[in-house]
Structure formats: C-alpha cells, structure tokens
2 protein chains.
Amino acid sequence: MALSDTLAPRRAALDATHDPALRSWVPGADAHADFPIQNLPFGTFTPAGEEAARGGVAIGDSILDLAAARRAGLFSGAAERAAEAASGGNLNPFLALGAAPRRALRARLSEILAAGSADRHKAEPCLHPAADCSLHLPARIGDYTDFYVGIHHATHVGRVFRPDNPLLPNYKYVPIGYHGRASSVRVSGTDLRRPWGQLKAAGADAPRFAPCERLDYELELGIWIGPGNALGEPVPVAEAAEHVAGYCLLNDWSARDIQAWEYQPLGPFLAKNFGSTVSAWVVTPEALAPFRIPQPARPEGDPAPLPYLLDAADQREGAFDLQLEALILTPAMRQQGLAPHRLALSSTRHMYWTVAQMVAHHTSNGCDLNPGDLLGSGTLSAPEAGGFGSLLETTRGGQDPVALPSGETRRFLEDGDEVILRARATRPGAAPIGFGECRARILPAA
Amino acid sequence: MALSDTLAPRRAALDATHDPALRSWVPGADAHADFPIQNLPFGTFTPAGEEAARGGVAIGDSILDLAAARRAGLFSGAAERAAEAASGGNLNPFLALGAAPRRALRARLSEILAAGSADRHKAEPCLHPAADCSLHLPARIGDYTDFYVGIHHATHVGRVFRPDNPLLPNYKYVPIGYHGRASSVRVSGTDLRRPWGQLKAAGADAPRFAPCERLDYELELGIWIGPGNALGEPVPVAEAAEHVAGYCLLNDWSARDIQAWEYQPLGPFLAKNFGSTVSAWVVTPEALAPFRIPQPARPEGDPAPLPYLLDAADQREGAFDLQLEALILTPAMRQQGLAPHRLALSSTRHMYWTVAQMVAHHTSNGCDLNPGDLLGSGTLSAPEAGGFGSLLETTRGGQDPVALPSGETRRFLEDGDEVILRARATRPGAAPIGFGECRARILPAA
C-alpha cells in the first residue's frame with residue numbers, strides 16, 4: 001500500500017483494513033461518518049427490548065453483536081478468541097488481550113463487513129440499528145488517572161496565578177497527573193447533576209455550602225489501558241504503546257468555585273469527582289494508525305525528556321493528529337431549533353507528552369496499570385482563542401462571556417445546557433474516522 | 001449492661017457481645033490479644049495447603065472459616081445471609097449489606113465462640129491456626145481516597161513551608177482529601193519495592209531519575225465503606241455512620257523526594273501510588289462501639305463546621321479513642337535479635353474531622369461511594385515528639401536522625417527495613433481489642 005510505504009511506522013503498521021477505497025455493505029458507513037469500515041471501534045450495548053449488555057462493533061448506523069456473530073460461526077482462531085473476550089458485558093477481558101488478537105479480530109471484521117463479502121448473509125442478522133440501542137461504559141474502570149499534558153491549557157490556567165511565569169518548573173520534566181475518581185465516570189448520554197460544594201467568595205470571611213456557580217467542561221482525550229503491568233515492574237517507554245487498548249473522548253467536568261477553595265495542598269477532589277463523561281466507543285490504536293505524527297518539536301530552550309521518557313519510535317510517531325471539538329446546546333437553542341454551537345476547536349497535537357510517555361511515567365515508580373484503567377490527557381486547548389478546551393479559558397474565568405446564536409451568553413454552564421465533544425481524524429490518503437459523541441446535559445442541583 | 005448505661009450512645013449500641021467478662025473456648029483469645037471474643041473482625045484467607053481464598057473471622061490465634069461453619073449448619077436467618085455474603089473470596093458482598101445483618105452475624109458468632117457454647121463441637125473443625133494461613137486484601141477496592149484530617153500532621157508539614165501560618169485557610173472548613181491509587185493497595189506482609197522517580201536536589205538545575213532517597217511511612221486509620229450511595233445522592237452526615245463497614249490500619253508509603261518535585265499543582269501522584277499497605281482484618285463499628293468518644297472540642301477561635309458536616313450524635317460519639325503505634329525493625333536489629341523499635345505512639349483522637357464528616361463531605365457533591373471503597377484518615381500524629389506518624393516529622397525532613405537500639409540511625413527508610421503499625425483500643429470497663437499488624441519490608445529498587 002502506498003500509504004504504508006510513505007509513513008513506514010514501526011508499530012502503527014497499516015494494512016488492508018486501512019485501505020481508503022474500502023467500503024462496507026452496512027448502511028451509513030460512509031466516508032463522512034464516524035464509523036466507516038476503517039474504524040471498527042468496540043463497545044458494549046443493549047439492543048432495544050433486551051436486557052443483557054453485550055459487546056459490539058460500531059459500523060455505520062449499526063452495531064454488530066459480537067456474541068451473535070460468534071454463534072453465526074463468523075470467527076475462528078485468534079479472531080474467535082478475541083471476539084469471545086469482547087462479547088460480554090464489559091470489554092475488560094478483550095482489553096487485556098493486547099494488540100495481536102485485537103488486530104486479528106479487526107482484520108476479520110473488515111472482511112465480514114466489506115462490500116461484496118460472502119459473509120453478509122450471516123452477519124446481517126447480527127446488526128442492530130444503533131439508534132435503538134443503549135450504550136454502556138465499555139469497561140469496568142479500575143483506576144482513573146487524569147494527566148495535564150495540554151501545555152496551552154496549563155499555560156492559560158497558570159497565567160491567572162503567575163502572569164510572567166505561567167508554567168511551574170516541573171512541567172517540562174514531569175508528565176503531571178493525579179488520580180481521579182473511577183466510580184463516577186459515566187457513558188455519553190448520562191445526565192450530570194450540578195454539584196453542591198463549599199464556595200468561598202473572594203472577599204468573604206468564610207465559605208458557604210451551595211450549588212456550584214462556576215460549572216465547566218474540559219475537552220480531553222481518554223486512553224483505555226490494555227494488558228498493563230504487575231506492581232513493581234515499570235513499563236519501558238518503548239513498550240508503552242503495547243499497553244494502550246484504545247481511545248475515547250473525555251469530559252472532565254469541573255466545578256471551578258469548589259476547586260479554587262479546596263485544592264490546596266493536595267489537588268482537585270470534590271471539584272472533579274461528581275462526574276466525568278466518556279464517549280462509548282473504544283477507538284483502537286489500529287484505527288488511528290494512519291493519523292500518527294511525530295511528537296511536535298519542543299520549543300527552543302525546553303529541556304530534553306529524561307531518558308526513561310525517550311524512545312526514538314515514540315518521538316517519530318507517538319503523537320496524533322486528531323481534531324477535537326466542544327459544542328454547547330442550551331435549552332433556548334433547542335427551543336429555537338438551533339444547532340449546537342462550537343465552543344472550541346482543538347487538536348491532540350497540543351499534547352506536550354505522548355501517551356507512551358504518560359504510561360511510562362505512570363509506571364516508572366512501579367505503579368501497576370490494569371486492563372480497563374482510564375487515563376485522561378488533561379484539557380487540550382489550542383494556543384489561540386476559539387480553541388480553548390474549557391470555559392475557564394474561553395471566558396477568562398467568567399470575565400468575557402461567550403455569545404451564543406440564541407442571543408444568550410454564557411460565563412459558565414447553566415442548568416439544561418448540554419456539552420458535546422467530538423473528534424475527527426483526517427489525513428490525505430486516509431479514510432477519515434470519528435469517535436462518536438461524548439455528550440451530557442446539566443441537571444439542576446438537588 | 002452497666003457500660004451501656006454509662007455511655008448511652010445512639011448508634012454505637014452495646015450488647016452482650018461487648019461484655020468484658022465474656023471468654024472464648026478458642027486458644028489465644030485472651031484479654032491481652034488483638035482478637036478476643038469481643039472483637040470478631042472479618043477478613044479473607046487461604047489455609048495452608050489449600051488454594052481458594054475464603055472469608056473468615058479472627059478469634060485468638062485462629063481463623064474461623066465461614067463457609068465451613070455454614071456447611072456445619074451453625075447459622076440461620078439474618079446471620080446465615082450475612083455469613084454467606086462474607087464467606088467468598090472477597091468481603092464486598094458482606095460490606096454492602098450494612099449494619100443489621102452484620103450485627104446479627106456478630107451476635108451469633110459470639111454465641112458460637114463463647115466458652116461453654118453448645119456449638120463448640122461443630123465449630124472447632126472450622127478453625128485454622130492463623131499462623132498457617134495466608135491473609136488477603138479483604139475487599140476488591142473500587143476507589144481509594146486519602147484524607148488529611150490529622151491536624152497535627154498537617155501543622156507539622158505546613159510549618160516547613162509557612163512557619164507562622166502552617167495551616168492553610170481551608171483546613172478548618174474542608175475535610176481535605178484526594179484520590180489515591182486503588183490498584184497498588186496490598187495486604188500486610190507484602191514486601192514493598194523502593195520506587196524510582198524524578199528527584200531534584202535543592203540546588204540542581206534539573207531533576208535526575210533515580211531510586212527514591214527519602215522513603216517514608218505514614219501512620220493512618222483506614223475505613224472500609226459499606227452500602228454507599230448512588231451518584232448524585234449525597235449521604236447526610238447523620239446517616240454517614242451507616243455506610244462505614246469497618247476499620248483497618250493503613251500505611252501510606254511516601255517518597256518525599258518524588259513528592260516535593262512532582263506535587264504542584266495537582267497533588268501527590270507517583271510519590272504515593274507505588275504501594276499502600278493495609279492490615280488484613282476489618283474491625284467492625286460494633287467492635288469499636290465501646291471506644292467511641294465525643295469529637296474533641298475545637299480550639300478556641302476555630303470556626304464551627306458548616307451545617308452539612310454537623311450532627312449532634314456525631315459530635316457526641318463520632319470520634320474514637322484508639323491508640324496507634326508505628327515501629328521499625330531493621331536488618332541489623334533482626335540479626336541482633338532486637339524487638340521492633342517504636343517510632344511513634346499516637347491516637348485517633350487527633351482527627352480534626354470524624355469519619356462521618358469525611359463520608360458526608362466526600363458525597364456532598366454527589367460523588368458515589370461503593371462497598372469496598374477505602375478511605376484513609378491521613379497521617380495521625382500526636383502534637384508532641386514521640387508521636388509523629390511519619391519520619392518527615394520525626395526527623396524534621398531528615399535533619400535529626402532517629403537513634404535505634406542497634407546503634408544505627410535513620411533519617412528515612414533503608415532497604416530491608418520493616419515498618420509495623422499496630423492499634424489498640426482500651427477503655428475502663430471494656431475488653432481491649434487490637435487490629436492485627438500492618439507490616440511490610442522495603443525491597444531494594446529494581
């Protein structure tokens with residue numbers, strides 16, 4: 001394949017499943033869709049009228065039921081073993097398998113779903129219209145870690161406190177991260193209750209306990225961990241990519257007023273753990289292979305990463321070119337029939353550290369990662385206005401309200417507002433893919 | 001019972017199981033033991049020569065196998081249902097049950113194990129010598145949250161940075177906490193590998209990646225969560241005690257050099273997540289009922305807790321009087337046949353917030369807690385020397401080495417050192433109980 005020859009990546013090998021000319025017989029699997037045949041993301045779902053959650057693959061406007069496809073005899077060998085692991089109520093056993101079985105299943109799914117496939121008659125009864133299915137969190141999340149690798153976000157936030165020196169001295173040495181709350185991660189489509197918390201006004205003597213008044217979103221890339229490592233056995237950066245099973249969108253909802261008062265000295269806690277939202281589909285490293293790019297060059301004067309974070313292949317192809325978008329839909333906009341309004345257009349190019357560096361750093365002290373663990377990139381803001389991944393940045397902490405097409409303005413999120421995150425990977429010579437939406441609506445405080 | 005009449009607590013009701021005159025027929029269940037018949041803590045274990053983990057109850061020098069006791073027909077009704085939930089490979093189903101079934105099982109176990117019990121012949125074959133069993137983590141931990149409620153520890157640490165104003169302004173309003181790493185919590189007896197990490201010397205231009213040179217322990221109370229709450233539905237402080245299933249000892253190992261460099265702005269991460277150690281036995285709220293005390297009075301001038309953290313019953317009996325001890329045993333001490341040397345003697349009296357306040361605060365924004373979640377109190381130091389729950393405090397950051405009976409000194413922990421935490425509850429008129437040990441030895445960096 002010409003594309004493969006051009007990129008010649010080491011890990012992110014391109015094969016017949018990436019052929020941009022490939023088409024599927026499934027309706028809706030078009031070139032402009034999130035789920036053409038070149039994507040084939042995994043998730044869990046329940047068809048309308050049924051009860052049991054099961055594993056599936058998104059294709060066009062449909063979901064292929066993997067358990068049904070197995071019963072139809074569509075798989076054998078490594079693909080069958082991977083399909084078995086991916087067909088239950090959560091994908092943890094599948095994530096644990098690692099790359100080779102995942103690739104085998106992808107290759108076979110691509111054959112089955114390709115236009116002209118001899119298996120169409122067997123596969124067609126295994127499809128469900130996606131619109132009629134409920135989607136679930138794809139995995140049981142053991143631990144959730146949120147990083148802070150969006151350097152422009154870190155700079156924008158730091159500027160509020162230290163205008164002349166926004167980034168702390170450790171930022172360019174340490175892939176900064178902290179532990180988030182795994183239990184409150186929910187799948188796209190789940191409403192989010194506005195939290196109560198301790199709020200302390202700038203001039204007030206004491207805090208009061210009240211509903212959050214500065215509710216914000218954060219536009220992040222989510223990373224699903226694959227095989228993982230035993231406690232005490234770090235993952236070298238050169239092997240780190242093997243432990244990533246896939247990607248999603250992540251909205252790290254943030255209560256800015258709670259955060260400002262509580263976060264010293266141990267970091268964010270109740271300002272973040274009332275809920276996080278992820279998109280439902282696990283987009284595989286294989287699907288993203290055509291969109292790999294070299295790690296963007298560090299600005300002149302930045303230190304080189306310490307050796308434990310440095311790998312030539314990771315430098316060459318460890319980053320992504322993935323467009324990220326955040327949109328808002330207010331109740332008034334809904335009433336007026338308006339489309340969601342774009343708050344930000346950003347990119348995974350703005351990650352100062354690669355995912356492999358995040359994994360290597362996380363395990364460098366021996367900390368274990370396990371199948372189904374979730375990592376967040378941290379907010380990925382572009383350097384310029386129009387690309388800020390949070391309202392904190394967009395409205396400069398509420399000072400400059402955003403104007404919406406409904407005639408409204410927003411400093412922070414209001415009840416009934418819906419935030420929608422989207423992702424799109426495009427590249428000349430590759431079939432574009434998307435992630436599906438990550439959306440949730442704000443319910444009033446209890 | 002006289003004791004019950006004296007204390008008249010609301011939740012912490014005393015009954016026949018607390019009678020200090022009660023004795024067991026099981027050897028080693030003496031008044032000076034950790035596990036007399038008044039304790040009856042739950043855990044999971046595997047007997048020598050067997051493979052399957054199962055639930056048990058510590059009594060004297062033995063462990064009662066709950067599954068075997070069920071097969072022997074020792075339980076019925078609510079006690080049987082609780083025993084069933086507690087007899088598997090982890091206690092999560094049992095923790096989820098809440099107080100009433102737990103109390104029923106405790107009452108029945110007390111009957112079975114009491115001297116003169118007619119059930120002795122049935123129960124005796126269900127006992128295993130504890131010394132021949134391996135103990136496991138009692139529950140699958142969903143999320144682990146570490147608090148910072150030891151006010152003397154917070155003051156000692158804060159004094160390093162702000163000599164005149166050691167406590168931050170939020171400390172007396174907010175039960176400060178942060179999310180820890182659940183996956184790396186291990187049961188007592190599991191060795192701990194010294195972590196590598198980024199260390200930056202005070203005068204150095206850049207950090208280097210090397211084994212931790214300032215490895216420390218932290219003496220904490222651990223709290224096992226029971227039923228828990230649904231996302232978006234806070235637990236009121238008056239109901240919070242119902243969601244606590246038990247207690248343990250917790251050593252929150254800390255790499256002080258990694259921590260100093262990494263922790264801004266998002267809090268501790270790799271400095272803590274390489275391992276935490278808990279004692280194996282879940283000591284129930286019922287066992288601790290005789291040791292309840294009023295929440296210690298706040299110093300003159302401290303603000304009252306906000307209303308969502310204030311409950312009269314919790315103020316009256318929400319604290320504990322539990323003696324906590326940290327000891328060290330070095331390889332040289334072991335060679336010389338010396339006993340472990342006490343580093344600190346402290347108490348749960350030094351908690352500025354009660355466990356109920358921690359639970360109410362944690363869920364006040366809607367965050368969900370789930371059965372088997374673990375909370376840590378944060379380091380519980382006494383105000384005076386001899387009672388500091390970390391070497392950071394005891395040696396003033398390594399400035400004043402501790403002298404050991406072997407002739408050695410310690411600024412921080414060295415390879416081969418073993419840290420042992422113990423707890424003991426005593427009170428006039430009550431049978432004293434202990435927690436069993438929380439111990440682990442430091443392995444050299446990999």
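Order of the sequence lines sets the chain letters (A, B, ...), proteins ahead of strands, with each chain counted from 1. Atom set for the values below is all heavy atoms of this structure, side chains included, hydrogens, waters and symmetry mates excluded.
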Legend entry - Heavy-atom closest pair, residues A/Ile176 and B/Gln264: CD1-O, 3.8 Å
Legend entry - Pick from A/Cys212, A/Ser364, A/Ala271 with the largest number of heavy-atom pairs that fall under 4.5 Å of chain B: A/Ser364
Inset, instruction - Heavy atoms only, distances under 4.5 angstrom: which of A/His361, A/Arg193, A/Glu262 has the most pairs with chain B? Name it, please. - result: A/His361
Inset, instruction - Could you check which of A/Gly177, A/Gly232, A/Gly158 has the highest count of heavy-atom pairs closer than 4.5 Å to chain B? - result: A/Gly177
Legend entry - Side chain / backbone / both / neither for B/Ala206 at chain A, heavy atoms under 4.5 Å: both
Legend entry - Residue B/Arg186 excluded, over 12 heavy atoms near CZ under 6.0 Å: yes
Legend entry - B/Arg181 (side chain) donor-acceptor with A/Asp368 (main chain) under 3.5 angstrom: yes
Legend entry - Contact class of A/Phe209 relative to chain B, heavy atoms under 4.5 angstrom: both
Inset, instruction - Report the option among A/Pro207, A/Gly197, A/Ala154, A/Gly142 that has the most heavy-atom pairs separated by less than 4.5 Å from atoms of chain B. - result: A/Pro207
Legend entry - Between A/Leu168, A/Val174, A/Leu270, the one whose heavy-atom pairs under 4.5 Å with chain B are most numerous: A/Leu270
Legend entry - pair B/Ser184-A/Asp143: side-chain heavy atoms closer than 4.5 Å: no
Inset, instruction - Give the ring-plane orientation class for B/Phe269 versus A/His362, where under 30° counts as parallel, over 60° as perpendicular and anything between as tilted. - result: perpendicular
Legend entry - Gap separating the CG atom of A/Leu266 from the NZ atom of B/Lys272, nearest 0.5 angstrom: 8.0 Å
Inset, instruction - Please flag which part of B/Thr145 lies under 4.5 Å from any non-hydrogen atom of chain A: side chain, backbone, both or neither. - result: side chain
Inset, instruction - Let me know if A/Asp191 has heavy atoms under 4.5 Å from chain B in its side chain, its backbone, both or neither. - result: neither
Inset, instruction - Side chain from CB out, backbone as N, CA, C, O: work out which of these in A/Leu369 comes under 4.5 Å of a heavy atom of chain B, or both, or neither. - result: both
Inset, instruction - Examine distances only and state if a side-chain atom of A/Gln198 and a backbone atom of B/Tyr173 form a donor-acceptor pair shorter than 3.5 Å. - result: yes
Legend entry - Contact leader toward chain A among B/Pro268, B/Cys367, B/Pro195, where contacts are heavy-atom pairs under 4.5 Å: B/Cys367
Legend entry - Segment of B/Pro265 engaging chain A (4.5 angstrom heavy-atom cut-off): both
Legend entry - Heavy-atom contact with chain B under 4.5 Å, split by part of A/Asp146: neither
Inset, instruction - Measure distances from A/Pro307 to the heavy atoms of chain B and classify the residue's part below 4.5 Å as side chain, backbone, both or neither. - result: neither
Legend entry - Student check: side-chain heavy atoms of B/Trp196 and A/Pro234 closer than 4.5 Å: no
Legend entry - chain A interface, residue from B/Tyr171, B/Phe274, B/Trp261 that has the most non-hydrogen pairs under 4.5 Å: B/Trp261
Inset, instruction - Just give me the residue among A/Tyr148, A/Tyr144, A/Tyr263 that pairs up with chain B most often, heavy atom to heavy atom, under 4.5 Å. - result: A/Tyr148
